[in-house]
Amino acid sequence: MSVRHSGIGMTSQRTRLRMIERLRGQGIADEVVLSVMGTIPRHIFVEEALASRAYEDVALPINYGQTISSPWIVARMSELLRANSDLEKVLEIGTGCGYQTALLAQLAQKVYSIERIGPLLTRTRVRLQELQIRNVYMKHADGLRGLTEAAPFDGIIMTAVTTHIPTTLLDQLMVGGRMVFPKGTQKQNLCIIERNSQGYTETVLEEVNFVPLLAGVVKK
Ligand code: SAH
């Protein structure tokens, strides 16, 4: 594990445990998600100047106009994705700084994660390597197409907002699988799409605030 930023108080296990307590108090009920979040050094996923704020319940900038999602939203989406059972194969769209990815790596056997901004992904690859996370495959691509070569997935999580999920992506969901994502434009809500043998059902949940899903890739 990296020793970056070590030695400053806010990176301590105690600070993380306080974050977990707060999340529990805010209604996060999945103890598996909470205990894994208690082990991940969130401060190494943000720039050093912001490390002292990494455990606050806020989204923070991670360059290229993107943000690391707040601890609460990461916990909430993860518990919705897990639905109290272990995951096998998960697809994440919007790798960003890789914090959610690192969590998923402990909630699923294998994680596939797609990011459209090349330099962001390059940095994240190094970070996950430093953390010795080995069950994540990352791809620089437009995530809306999914990853047919690895499909079907029992979970798909998307961390950027859109109004419509294309069928090419929904097709990659296993029967019994679910997709969790923010949906909307000005007003956004968390949304779950579940696939059963008859087709798909959609559930709309609480209001959220995400950066937009964009088409195409950014090379540098
Ligand atoms: N979950 C990450 C990132 C959240 S920001 C974190 O917490 O750090 C949303 C991310 O989705 C950004 O990194 C953005 O570049 C990425 N993104 C937006 N549209 C995308 C697309 N079509 N395909 C893949 N990634 C996309």
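Whatever order the structure lists them in is the order used to number ligands and atoms, beginning at 1.
- A donor-acceptor pair under 3.5 Å is formed between the side chain of Q66 and the backbone N or O of Y64.
- For the atom pair OG1 of T162 and CD of Q188, the computed distance is 10.0 Å after rounding to the nearest 0.5 Å.
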Is there a side-chain hydrogen bond (donor to acceptor under 3.5 Å, both in side chains) between R16 and Y55? Walk through the geometry before answering. CA-CA 7 Å; R16 264 200 296 284; Y55 297 95; 2.9 Å; yes
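- Residues L128 and F45 have side chains in contact (heavy-atom distance under 4.5 Å, counting atoms from C-beta outward).
- Hydrophobic cluster membership of L214, counting Ile, Leu, Val, Met, Phe, Trp and Tyr whose side-chain heavy atoms lie under 4.5 Å apart directly or via other members: none, as it forms a cluster of its own.
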Pairs under 3.5 Å, N/O atoms on ligand 1 and on the protein: can you put them in a table with the distances?
| residue | atom | partner | partner atom | Å |
| --- | --- | --- | --- | --- |
| ligand 1 | 1 (N) | G94 | O | 3.4 |
| ligand 1 | 1 (N) | T159 | OG1 | 3.2 |
| ligand 1 | 7 (O) | S69 | N | 3.0 |
| ligand 1 | 8 (O) | C97 | N | 3.1 |
| ligand 1 | 13 (O) | E115 | OE1 | 2.7 |
| ligand 1 | 13 (O) | E115 | OE2 | 3.3 |
| ligand 1 | 15 (O) | E115 | OE2 | 2.6 |
| ligand 1 | 19 (N) | L214 | N | 3.0 |
| ligand 1 | 22 (N) | D142 | OD1 | 3.0 |
| ligand 1 | 22 (N) | L214 | O | 2.6 |
| ligand 1 | 23 (N) | G143 | N | 2.8 |
| ligand 1 | 25 (N) | R116 | N | 3.4 |

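- Under the 6.0 Å distance and 45° angle rule, K110 counts as a cation-pi partner of Y112.
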